[in-house]
Q: 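Right, I'll just put the structure down here and ask away after.
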Protein chains: 2
Amino acid sequence: MANQANRKRAPSRIQQRNRKRILDAALEVFSTSGFRGSTVDEIANQSGLSKPNLLYYFPSKGAIFNELMAGLLDTWLDPLRALDPEGEPLAEILAYVQRKLQMSRDFPRESRLYANEIVQGAPRLHAMIEGDLNQLVEEKSQVLQAWMDAGKINQTHPKHLLFSIWSLTQHYADFDAQVRRLMVNEDPFDAAPEYLETLYRRMLTPKG
Amino acid sequence: MANQANRKRAPSRIQQRNRKRILDAALEVFSTSGFRGSTVDEIANQSGLSKPNLLYYFPSKGAIFNELMAGLLDTWLDPLRALDPEGEPLAEILAYVQRKLQMSRDFPRESRLYANEIVQGAPRLHAMIEGDLNQLVEEKSQVLQAWMDAGKINQTHPKHLLFSIWSLTQHYADFDAQVRRLMVNEDPFDAAPEYLETLYRRMLTPKG
DNA sequence: CATCAATCTGACCGTATGGTCAAGTTGAGC
DNA sequence: GCTCAACTTGACCATACGGTCAGATTGATG
């Protein structure tokens with residue numbers, strides 16, 4: 001336990017490279033099969049390392065998963081953190097939607113990894129969700145509510161508004177297999193930005 | 001193979017009861033852990049049958065899954081099938097949204113089972129999707145397009161419109177674990193119908 | 001180029017998993 | 001209540017899985 005490579009200081013170049021390889025392979029595998037459906041052998045194969053060597057860098061399958069999740073959750077919330085209470089309300093929300101959609105496009109595996117975890121009841125995510133996410137959502141919901149009370153955007157349920165943004169943007173990554181099978185001659189991401197922009201503009205722009 | 005119980009005619013009461021039990025248990029387990037993450041022992045335990053007894057009724061784990069999926073896909077598409085080209089466009093769409101939302105509320109396990117499968121790339125669903133779903137989506141997209149061309153609802157991308165309806169309604173079932181953790185004092189399904197009604201009404205009602 | 005820690009591997013272990021089988025028990029029709 | 005098929009089970013098997021270990025190889029440092 002004490003001589004685990006990942007707890008030494010000053011990680012060597014080899015260590016940096018291999019840990020990255022492993023995490024990338026694990027992202028590929030976990031996002032495709034979920035935690036329980038993924039095997040260490042698969043991750044080892046995908047990363048080009050032998051299984052014992054992989055387990056030299058990480059103590060267990062669960063440890064790989066946890067490190068992956070911890071890193072993911074942070075970047076995952078960045079777009080919402082960037083929602084500026086001082087900005088122009090509608091523009092802020094529309095920009096948030098586009099940032100989130102861009103993340104689905106650029107990091108579909110991360111999105112699917114997260115989706116897998118939540119769909120299965122988030123068994124290994126309790127602590128993380130309870131903390132950061134809850135607080136951030138509470139905070140930004142109040143910002144949205146304030147904008148509504150000030151008449152800057154239409155009245156609606158702030159949390160449901162956030163849920164809908166997550167749902168719509170992540171759908172293009174999470175349900176990619178379905179979406180692409182139903183849009184054979186067209187890249188879904190071509191029309192998605194405009195579709196979502198229109199949707200939220202019409203929904204939130206105050207009447208008159 | 002020839003003496004499998006499930007291929008005999010006139011299924012006995014015991015057979016009907018046990019097959020139902022197994023499928024219900026399998027729905028519970030598969031929707032929670034996905035196909036690869038689920039075990040036959042779990043399903044057997046959940047159903048109250050012994051493992052060999054379970055395998056007396058179904059030849060394999062995959063066979064259980066397939067039968068479950070085949071049954072699911074049909075009911076899953078019913079709400080869309082009911083979209084009436086002769087009805088009042090906006091009302092038809094809003095009613096479809098509510099039917100779909102109701103299905104998420106009444107059959108969350110079915111929704112999660114489906115989500116699990118699609119998120120993981122729909123490895124065991126190709127044929128089914130290619131056939132029924134594709135045709136139905138094509139047909140209903142044309143209905144929506146006709147309504148737009150006639151000025152009955154706002155112009156928008158018909159397939160993205162369908163995707164958004166699926167996404168938003170199924171989100172309450174698929175991401176239930178997250179949604180409920182972020183709405184502790186409130187049942188998400190209380191406000192969801194009104195939220196979605198408002199969203200699509202504002203988005204689709206023609207100006208003027 | 002000697003040394004020692006860091007890195008890597010084949011062989012291995014205990015357990016879990018999908019599935020089988022021979023033999024037992026139960027239920028329906030006579 | 002006899003009979004035979006329908007149903008049920010404990011014991012078992014081969015493979016897959018997560019993880020370990022002794023020892024080999026490699027790379028950095030003097």
Side-chain angles (χ1 to χ4, degrees), chain A residues 1-26 28-30 32-69 120 123-124, chain B residues 1-23 25-30 32-69 120 123-124:
Chain A
M1 181 192 286
N3 71 335
Q4 285 299 333
N6 57 323
R7 276 295 163 237
K8 295 278 183 180
R9 52 187 56 182
S12 72
R13 257 177 302 159
I14 294 177
Q15 196 163 146
Q16 276 184 299
R17 171 172 54 89
N18 283 350
R19 285 178 61 89
K20 271 205 169 58
R21 278 189 189 174
I22 293 168
L23 288 173
D24 188 68
E28 185 71 30
V29 174
F30 281 140
T32 301
S33 304
F35 180 77
R36 292 185 51 177
S38 302
T39 73
V40 177
D41 287 273
E42 267 179 297
I43 301 174
N45 276 337
Q46 182 78 25
S47 67
L49 302 179
S50 68
K51 185 166 65 164
N53 198 16
L54 182 147
L55 289 165
Y56 169 74
Y57 290 100
F58 289 89
S60 71
K61 175 182 162 184
I64 305 176
F65 187 85
N66 288 339
E67 182 145 335
L68 208 51
M69 269 294 173
Q120 304 192 357
R124 344 188 119 246
Chain B
M1 180 191 286
N3 71 334
Q4 285 299 335
N6 56 324
R7 278 293 161 235
K8 296 281 185 178
R9 51 187 55 180
S12 71
R13 256 176 304 157
I14 295 178
Q15 197 165 144
Q16 275 185 300
R17 170 171 55 88
N18 283 352
R19 284 178 62 90
K20 272 208 166 57
R21 278 189 189 174
I22 292 168
L23 288 173
L27 175 60
E28 184 73 31
V29 173
F30 282 139
T32 300
S33 303
F35 180 76
R36 292 186 49 176
S38 301
T39 73
V40 176
D41 288 273
E42 269 179 296
I43 300 173
N45 276 336
Q46 182 77 26
S47 68
L49 301 178
S50 67
K51 184 166 64 162
N53 199 14
L54 181 147
L55 289 165
Y56 169 76
Y57 289 100
F58 289 89
S60 71
K61 176 181 161 185
I64 305 175
F65 187 84
N66 288 339
E67 181 144 338
L68 208 50
M69 270 294 174
Q120 304 192 356
R124 339 185 125 251

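Every chain is numbered from 1, with letters handed out A, B, ... down the list of sequences. Since the model is a prediction, treat every value here as computed from it, not as a measurement. Reckoned from all heavy atoms, side chains included, excluding hydrogens, waters and symmetry mates.
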Q: Could you tell me the separation between the CD atom of Glu42(A) and the P atom of dG18(D), rounded to a whole number of Å?
A: 9 Å
Q: Grab the NZ-P distance between Lys61(B) and dT15(D) for me, whole Å please.
A: 18 Å
Q: Rounded to whole angstrom units, what separation is found between the CG atom of Asn45(B) and the P atom of dG18(C)?
A: 12 Å
Q: Can you pull out every salt bridge (charged side-chain N to carboxylate O under 4.0 Å, His left out) where at least one residue sits in residues 54-63 of chain B? Sequence neighbours excluded, please.
A: none
Q: Quick one: Arg17(B) CZ to dG27(C) P, roughly how many Å, whole number?
A: 9 Å
Q: Parallel, tilted or perpendicular for Phe35(B) and Phe30(B), by the 30°/60° rule?
A: parallel
Q: Rounded to whole angstrom units, what separation is found between the OH atom of Tyr56(B) and the P atom of dC7(D)?
A: 4 Å
Q: If the condition is side chain to side chain contact (heavy atoms under 4.5 Å, CB included), which residues does Ser50(A) pass it with, not counting sequence neighbours?
A: Pro52(A), Asn53(A)
Q: Taking only residues two or more places apart in sequence or in another chain, which ones pass side chain to side chain donor-acceptor pair (under 3.5 Å) with Glu28(A)?
A: Arg109(A)
Q: Using atom CG of Leu49(B) as one end and atom P of dG19(C) as the other, report the distance to the nearest whole Å.
A: 16 Å
Q: Take atom OH of Tyr57(B) and atom C1' of dT8(D), then tell me their distance rounded to the nearest Å.
A: 8 Å
Q: Quick one: Leu54(A) CG to dT7(C) P, roughly how many Å, whole number?
A: 14 Å
Q: If you look only at pairs with a residue in residues 37-48 of chain A, which of them pass as a salt bridge (charged side-chain N to carboxylate O under 4.0 Å, His left out), with sequence neighbours excluded?
A: Asp41(A)-Lys51(A), Glu42(A)-Arg36(B)
Q: What does the B/S/- profile of nucleotides 20-30 of chain D look like, 5' to 3', with a 4.0 Å heavy-atom cutoff to protein?
A: BB------S--
Q: OP1 or OP2 of dA6(C) sitting under 4.0 Å from any side-chain N/O of Asn18(A)?
A: no
Q: Picking from dT8(D), dA6(D), dG18(D), which would you name as closest to the side chain of Val40(A)?
A: dG18(D)
Q: As a test of understanding, state which of Arg124(B), Arg19(B), Lys20(B) forms a salt bridge (Lys or Arg N to Asp or Glu O under 4.0 Å) with Glu67(B).
A: Arg19(B)
Q: So, is Ser50(B) near the phosphate of dT8(D), with a side-chain N or O under 4.0 Å from OP1 or OP2?
A: no
Q: Give a yes/no on whether any side-chain N or O of Gln15(A) is located under 4.0 angstrom from OP1 or OP2 of dT7(C).
A: yes
Q: Looking at dA6(C), I'd like to know if its phosphate oxygens (OP1 or OP2) sit under 4.0 Å from a side-chain N or O belonging to Ser12(A).
A: no
Q: Can you sort out the partners of Arg21(A) under salt bridge (charged side-chain N to carboxylate O under 4.0 Å, His left out), two or more places apart, ordered by chain and number?
A: none
Q: Please determine, for the side chain of Asn53(A), which listed nucleotide (dC17(D), dT7(C), dT8(D)) has the closest atom?
A: dT7(C)
